[in-house]
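The next block holds one structure in the form of structure tokens; read it before the comments.
Counting starts at 1 for both ligands and their atoms, following the listed order. Keep in mind that the numbers below use all heavy atoms, side chains included, and drop hydrogens, waters and symmetry copies. In what follows, residues are counted from 1 in the order of the sequence shown.
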Amino acid sequence: MILLTPGPVQLSQRVRKALQGPDLSHRESEFFALQAEIRRDLLEIYGLPAERFAAVLLTGSGTAAMEAMVSSLVPRDGRVLILENGVYGERLAEIASIYQIEHLRLARPWTQPIDLSALGRHLAVAERLTHLAVVHHETTTGRLNNLAAIADRCREHRIALLVDAVSSFGAEALDFEAWGIAGCAGTANKCLHGIPGVSFVIVRRDALPPQGQPRRNLYLDLGCYARAQDGGATPYTQSVQAFYALAEALAELQEEGGRGSRHARYRALADQVRSGLTGLGIVPLLAEGASSVVLNAFYLPKGIEYSTFHDALKRRGFVIYAGQGELARRIFRISTMGAITPNDIAQFLSAVEAIMKEHGKHSSAVDAAAD
Ligand SMILES: *Cc1c(COP(=O)(O)O)cnc(C)c1O
């Protein structure tokens, strides 16, 4: 079975094998060495100096990293502006709301880009804003938000930038220094090709809460993790096997040439998917250039329901991803993350073509309904 889903991703043989590493206590020196190696390699992907940035490792899925970032880095008297154009932007707001963090929301329809002029107007009138939180790659639609421009506005207004890069870290460009990123949430099992269970926040050290400041959280307290991990320890049990897999996946990424190579590899696969499906008359949700290289969304062929399409592809060995919310009945999503080859994509495209033929669908019979 080939997973074309945005996490968990198809594992390489060597990452799968790494899961069988020796049993290990998280209180032993071998674990601390493993932890230190992963923290170093994560910073290395974006060339970040360990004096100014820390990779803080958590046992949990990507949402744990989002929650740790928002609930640890925004102080009690902080006020956050949250930009939303999809499920994950809305999740950032939900986290702020549950923790009773004062926040404002600037929401756009899911298929639309962040409105930079509205953002400018908001920043000009909003008082006491300390932070802005935004999703880098909004996996809901595949849109890569314009982080460089958003970061410019934050710098002008001296607002700390918090980024959910869970589905872009390791593949898309992130300029931590130039964009002034204070916190960035990521995960092992998307563009890094590890297994689910480890997530992390890359924090600028001067953005960490000072020790002794009242805490909002226990398990997700980034300050506590950062201090323990800097001291060669861990506050709680970590998922040791998921750490093994992540360390191997990071070594594989380095050997492949790092983030730039991964981006190029995804770019080629995404172009192959896009041109292949377009050739079959299937229409992309977003204009070319608006999508990440990580995931692209497409309208369903007209007259074929998602579940029919999904099940027919699954019988042929491919798992695709549904749309969410209002888009659930209209789109499907194809991710290019994981150990996927051009040959896998070619076979996937043949399977789509065969299914469309079975359903009597031709190039003219597609739902081109644009927004
Ligand atoms: C996958 C994802 C998450 C986290 O999802 P988990 O299921 O908790 O791993 C967060 N943000 C974005 C943008 C994502 O794509």
Side-chain angles (χ1 to χ4, degrees), residues 3-11 42 56-71 73 82-96 98 107-108 110-111 113-114 132-147 150 161-174 181 183-202 217 219-220 238-239 242 245-246 249 262 266 270 285-286 290-297 319-325 327-328 331-338:
L3 298 184
L4 300 172
T5 54
V9 299
Q10 200 73 26
L11 298 180
L42 286 173
V56 183
L57 302 177
L58 305 165
T59 284
S61 81
T63 304
M66 293 169 75
E67 187 165 339
M69 174 174 78
V70 172
S71 62
L73 299 186
I82 295 165
L83 307 184
E84 303 174 13
N85 58 348
V87 168
Y88 298 100
E90 292 176 7
R91 188 172 295 178
L92 285 168
E94 196 178 359
I95 293 167
I98 287 167
R108 293 281 285 161
W110 286 1
T111 51
I114 299 293
L132 181 145
V134 64
V135 176
H136 185 207
H137 169 222
E138 185 45 91
T139 322
T140 310
T141 56
R143 182 181 297 280
L144 194 64
N145 281 325
N146 188 355
L147 211 48
I150 293 166
L161 177 59
L162 304 179
V163 180
D164 168 354
V166 171
S167 63
S168 52
F169 190 97
E172 296 287 357
L174 282 163
I181 296 174
C184 175
T187 193
N189 68 292
K190 293 203 182 182
C191 307
L192 297 178
H193 301 184
I195 70 160
V198 195
S199 61
F200 55 87
V201 182
I202 308 292
N217 45 23
Y219 187 69
L220 296 176
Q238 298 276 28
S239 179
L246 178 56
R262 182 137 303 169
Y266 286 180
L285 176 69
L286 301 182
S291 279
S292 70
V293 297
V294 177
L295 176 140
N296 279 249
V319 180
I320 60 166
Y321 215 52
Q324 287 154 293
L327 294 174
I331 68 164
F332 65 98
R333 294 178 287 171
I334 300 298
S335 152
T336 37
M337 290 182 267

N/O donor-acceptor pair under 3.5 Å between [X] side chain and [Y] backbone:
X	Y	answer
Arg143	Glu138	no
Arg262	Cys191	yes
Thr336	Val293	yes
His136	Asp164	no

Contact residues of ligand 1, where a non-hydrogen atom lies under 4.0 Å away: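 Contacting ligand 1 under 4.0 Å are Ser61, Gly62, Thr63, Met66, Tyr88, Arg91, Val135, His137, Thr139, Asp164, Val166, Ser167, Lys190.
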Residues forming a side-chain hydrogen bond (donor to acceptor under 3.5 Å, both in side chains) with Gln324, sequence neighbours excluded: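 Partners of Gln324 by the side-chain hydrogen bond (donor to acceptor under 3.5 Å, both in side chains) criterion, ordered by chain and then number, come out as Arg333.
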Reported CG-to-OG1 distance for the pair Leu285 and Thr141, which is rounded to 0.5 angstrom: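 If we round to the nearest 0.5 Å, Leu285:CG and Thr141:OG1 are 6.5 Å apart.
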